[in-house]
Amino acid sequence: MFLWPPLPVVLPLFTAAFVAAAGPYLPRKLVDAITLGTAAAVMAVCCLLTLQSSGSAIVYWFGAWVPYGHFPIGVAFVIDPMGAGMAAFVAFLVMAAFTFSWQYFDDVRTLYHSLMLIFLAAMCGMCLTGDIFNMFVWFELMSAAGVALCGYHADETGPLQGAINFSVMNTLGAFLSLSGVAMLYSRTGALNFAGIEVALQRQEHLGVFLPIVFIFVIAGFLVKSAAFPFHFWLDDAHAVAPTPVCILFSGVMVELGLFAAARVYYSVFAIALLPWLPALRTLFLAVGATSAIVGGLMAFGQRHLKRLLAFSTISHMGVMILGFALFTSTGLAGTALYVLGHGLVKGALFVGAGILLNRFQSVDEFALQNVGRQMPKTAIIFILGAVGLAGMPPFATYFGEAAIEHSGTQAGLPWISIVIMLSGFLTAGAVLRVAGRVFFGWGEKPTGESRAPRIDLKREMQGQKSKTPPTMWLPAAVMLIIAIALGWFTPLRQAILRDATWFRNTRGYVAAVLHGSAGGPGQYHVPVPHAMPGMHIGGVWMPDMWREVITLALAALLAAIALFPYAIGRRAGTALRHGAALAMRPLHAIHSGKIGDYVAWFTVGIAALAGYLALRR
Amino acid sequence: MKLRLTLFGLGICGLVALYGTVIAHMPGPGKMHSPYSRAINKLCVPQRHVTDAVTAVNFDYRGFDTLGEEFILFASVMGTLVLLREAAENKGPLSGDSASEPRNVRPTEAVRVTALALVGPTVVFGVYVVTHGQLTPGGGFQGGVVLATAPLLVYLADDFKTFKRITSHALIEISEAVGGGMYAVIGAIALVLSRPYMTNVLPLAQSGGIASGGIIPLISIATGLEVAAGFVLLLYAFLQKTLAERESS
Amino acid sequence: MNPQTLLEGLILSLVAIAGGAVVLTRDPLNQALGVSFFGLMLSAMFYIFQAPDVALSQMVIGAVALPLIILLTLARIRRNTK
Amino acid sequence: MTTYAYVVAAWLFAIGLFGIVTSKNLVHMCLCLTVVQASTYLLLTGVGYRPGGTAPIFVNLPAGAPIVDPVVQALMLTDIVVETTVVALMLALTVQIHKKTGNCDPNATTALQG
């Protein structure tokens with residue numbers, strides 16, 4: 001009990017320091033093995049913690065600083081199954097990235113391994129912490145390691161502007177978050193989530209202080225979660241970051257932003273902000289829907305493969321934000337399932353892009369036309385990935401979507417289903433279009449009018465390979481298989497629903513933290529969960545499947561039209577292309593790649609969110 | 001650009017208004033209500049035999065935060081090394097453009113002597129600050145940065161051979177990692193005794209003495225090592241090319 | 001008004017002015033000097049507001065290490081330009 | 001004076017953001033970021049300050065004297081480390097960008113457009 005909780009953070013940090021010191025004197029194979037082993041150990045510990053904490057949260061006071069008269073004076077990890085499960089997922093994706101990079105990087109020194117391990121530790125810390133300043137520390141550590149990894153043997157020799165944009169946006173967000181923490185502290189004098197919650201209950205005359213401070217506190221997390229209009233840095237960072245790092249960026253780092261916002265909301269603000277709940281719902285629904293649609297449209301408008309996938313992440317983040325914005329257990333459980341499914345599918349797709357990059361030194365859709373005829377495995381990765389993004393039933397994404405849609409319909413918001421369909425339609429269409437062009441050689445050659453981003457790639461990888469080594473495609477295969485298996489595993493879905501219910505239980509959380517014993521389990525009561533709606537498919541019954549089938553069919557149609565615009569007639573095709581280009585122009589214009597614009601958007605976005613809450617009650 | 005400024009103008013007006021609203025709701029002077037600070041001020045001398053409460057919070061009560069902070073420094077230093085090393089490798093350390101560089105002005109004898117004379121006191125002061133954090137203002141972090149300026153003084157004194165020798169890259173890198181790793185290990189001592197991580201299990205000694213505070217001075221030293229090495233590496237990374245050129249001239 | 005309050009007001013004003021100057025100085029070299037001054041003011045501010053630990057940190061960082069790193073950066077950039 | 005400290009914090013935040021938005025040089029931009037960061041110092045200082053209080057060093061303190069908050073000071077120490085390292089990392093990126101593109105203008109047309 002005293003051993004396990006700190007390990008997911010401390011073990012990778014220690015190994016990172018060890019590898020940094022001893023790495024240059026050890027054979028590369030050994031370093032690979034040590035780091036992979038560490039990630040595996042972290043995953044094992046997190047799985048153990050998930051099991052141990054289901055039923056009663058583990059409250060772990062570092063330095064044995066148990067609350068002093070029910071007031072927390074130390075730093076605590078408050079481990080619930082949702083957080084520990086997320087940490088286990090993080091560790092799994094890190095393992096996948098390590099396996100992939102085994103033969104992806106060659107001459108690299110061991111600093112890469114150290115940075116990845118630090119990144120892992122920071123993400124685990126975010127998942128497990130129960131202290132707002134501690135969360136800020138892990139957030140900053142995650143950003144520092146992320147930026148360093150982003151600029152590490154950058155995939156493009158072009159500007160590293162993406163890494164700067166990443167760094168500036170995240171740092172600004174973090175500063176606003178820290179300001180928010182200071183403001184909260186002035187009223188409550190506490191830093192522990194539960195401590196703040198209790199102190200807020202005692203405060204009077206808070207007025208509009210609380211909703212504004214809430215937005216300030218989560219500003220950093222909103223930036224991290226790439227919610228519109230704070231998402232601009234994400235696609236820039238993905239365009240330059242090395243592929244194994246992209247797996248983590250898209251697969252978990254962005255999702256952790258939303259996780260942190262949800263954690264802060266449910267363990268600190270939920271009860272105090274109750275009068276603002278309708279306004280909050282409207283706000284986050286708007287943000288989620290906009291992200292989903294803008295991300296989808298931009299994804300379809302890309303020819304740079306990694307940026308395409310990055311925009312698709314923004315779109316799917318929109319879906320996850322919708323799930324959170326419902327403020328229901330079912331919606332949150334759907335989001336959690338969707339995080340798992342999306343992370344795995346997106347990770348597999350990035351592996352696919354990495355394989356293409358490794359073999360052909362390019363991620364430009366047109367440059368890659370028809371090169372993939374002899375690559376059936378990679379083709380399967382892409383096509384299955386598109387199916388997963390569209391949310392088709394075998395994949396865990398389907399079950400996440402189904403829960404979110406169900407909860408939305410119950411809340412009288414049926415349009416959520418349409419937004420989710422649109423997101424799947426656009427992103428799956430984009431991936432299918434790429435697959436058609438690269439692996440089947442379909443589609444007309446580009447004409448001069450099309451946007452042509454400068455793409456020149458450095459040879460960071462082990463020269464040109466005539467054959468893709470299994471360590472590269474195997475992670476993708478495993479991720480896709482797990483993405484399918486997770487969906488079918490009914491106990492997991494039930495467990496996630498139960499965990500989401502507890503995650504939202506503010507009073508239970510506070511009681512567990514402040515009245516539990518040192519390191520011992522805090523008792524709380526979990527309301528008996530209802531079965532996850534639309535999801536018990538012990539037989540073959542799948543209620544809402546038609547939506548996903550239609551989405552996928554439309555996506556295929558969209559890809560076909562994009563590949564063969566003139567099939568519907570020369571003039572109609574030309575008109576369509578020009579029309580689409582014209583409609584997309586403003587969207588392309590705002591994604592300018594210039595940090596000044598992004599900061600202006602950040603300012604307006606925060607002012608709009610907090611201002612709306614301040615004016616509404 | 002015009003659109004950007006319009007957007008920003010709108011946003012910043014809103015943001016400042018909101019910020020102002022929050023300030024108006026923050027408690028005024030003397031009305032601050034912080035049970036946290038009251039508890040720490042009351043507890044830190046009796047519980048930890050430490051006279052500097054900030055150090056007690058930093059390295060004990062909230063020592064886990066500081067572990068994360070150490071690694072923020074660690075990660076940033078490594079990131080900087082990666083970025084700048086590559087820039088140096090691309091051209092090779094001694095590429096032709098160094099010849100066209102104007103020769104750096106040699107420091108006068110007075111500067112050299114002063115700089116060298118300051119090295120000793122700087123090291124002493126740095127070590128003092130690192131080891132007395134639990135008693136007086138200072139600690140591993142502040143002292144570490146002071147220590148990091150010692151090699152810089154050697155550099156200013158134009159003594160490159162010594163500078164290169166004392167800043168042997170591998171050695172410094174190892175010290176940095178050892179500093180970071182040591183912090184993690186000191187925290188883990190408690191795990192062996194089946195107490196929670198970072199528990200201060202060492203004897204606390206008399207308040208006001210240098211050994212007071214149990215693991216606090218140890219952590220402070222680990223931090224000092226890491227910070228000093230980290231900052232030397234940072235400076236080294238930025239100086240790298242200049243160094244190579246100076247050496248060749 | 002007692003002298004402590006006066007001192008506090010004065011140093012806060014100086015911090016505000018120095019911060020503005022850092023932003024409005026567009027030449028990076030001058031700006032490095034500005035940052036050094038700004039760091040010094042912040043350090044003094046911490047000292048006056050009874051935070052000697054933070055003041056010491058800010059002194060070694062803001063007034064020494066940071067300007068040094070900036071100057072070295074500028075030197076490297078200038079070298080590359082040639 | 002705490003309220004004045006908050007006002008200065010708001011000013012630094014706003015002027016720092018303004019500097020970043022209008023910046024024409026990445027080095028300048030990094031330094032504006034430090035100004036934004038300084039606003040968090042002021043906020044924390046103000047929050048932790050007690051009028052007439054003394055520093056939390058318990059040597060020869062008169063009993064019952066008001067003592068400023070040591071917790072926020074510890075937070076500020078962390079904050080300062082974060083600032084320096086992040087700025088160093090960004091300056092390293094700037095050097096690299098300059099090396100590859102020949103300028104440090106954040107408004108230069110980049111491959112990241114669209």
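Below, chains carry the letters A, B, ... as their sequence lines are ordered, and counting in each starts from 1. In this text the structure is predicted, and so the values were computed from the model without any measurement.
Looking at V35(C), only its side chain comes within 4.5 Å of chain D, counting heavy atoms on both sides. Both the backbone and the side chain of V35(D) have a heavy atom closer than 4.5 Å to some heavy atom of chain C. In this structure, chain D has heavy atoms under 4.5 Å from both the backbone and the side chain of S13(C). For T22(D), the parts lying near chain C are the backbone and the side chain together; criterion is any non-hydrogen pair under 4.5 Å. Contacts between F49(C) and chain D at a heavy-atom distance below 4.5 Å involve backbone atoms as well as side-chain atoms. Within the 4.5 angstrom heavy-atom criterion, only side-chain atoms of C104(D), from C-beta onward, approach chain C. For chain C, the nearby part of L12(D) is the side chain; its heavy atoms alone come within less than 4.5 Å. Within the 4.5 angstrom heavy-atom criterion, atoms from both the backbone and the side chain of Q58(C) approach chain D. Contact of I70(C) with chain D is made through backbone and side chain together, with heavy-atom distances under 4.5 Å.
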Working note: L44(D) + V54(C), criterion side-chain contact (heavy atoms from CB on, under 4.5 Å); need CA distance, chi angles, decisive distance, verdict. CA-CA 11 Å; L44(D) 285 168; V54(C) 191; over 6 Å; no

Could you walk me through whether E8(C) and Y49(D) satisfy the side chain to side chain donor-acceptor pair (under 3.5 Å) test, starting with their C-alpha distance in whole Å, then the side-chain angles of each, then the deciding distance to 0.1 Å, before giving a yes or no? CA-CA 11 Å; E8(C) 287 168 15; Y49(D) 190 56; 2.5 Å; yes

Could you give me the CA-CA distance, side-chain angles and deciding distance for L66(C) and T34(D), then say whether side-chain contact (heavy atoms from CB on, under 4.5 Å) is met? CA-CA 10 Å; L66(C) 196 59; T34(D) 66; 4.1 Å; yes

Set out, in order, the CA-CA distance, both residues' side-chain angles and the distance that settles side chain to side chain donor-acceptor pair (under 3.5 Å) for T94(D) and R76(C), then state yes or no. CA-CA 10 Å; T94(D) 306; R76(C) 274 189 83 144; over 6 Å; no

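A distance of 5.5 Å separates SG in C32(D) from CD in Q31(C), rounded to the nearest 0.5 Å. The structure places CG of N25(D) at 7.0 Å from CD1 of I77(C), a figure rounded to the nearest 0.5 Å. For the atom pair CD (E83(D)) and CD1 (I61(C)), the distance works out to 8.0 Å, reported to the nearest 0.5 Å. Rounding to the nearest 0.5 Å gives a distance of 8.5 Å between OG1 of T45(D) and CG of L42(C).
Heavy-atom pairs under 4.5 Å with chain C were tallied for L91(D), I67(D), V7(D), V68(D); the largest tally goes to L91(D). Here L31(D) is the residue among V8(D), L77(D), L31(D), I80(D) with the most heavy-atom pairs under 4.5 Å with chain C. Between chain C and the residues W11(D), F18(D), Y4(D), the most heavy-atom pairs under 4.5 angstrom are made by Y4(D).
Closest heavy-atom contact between I69(C) and A88(D): CD1-CB, 4.4 Å. The shortest non-hydrogen separation linking P28(C) to V27(D) is CB-CG1, 4.2 Å.
Distance alone, capped at 3.5 Å, places no donor-acceptor pair between the H28(D) side chain and the D27(C) backbone. Between the side chain of Q73(D) and the main chain of Q50(C), a donor-acceptor pair closer than 3.5 Å is present.
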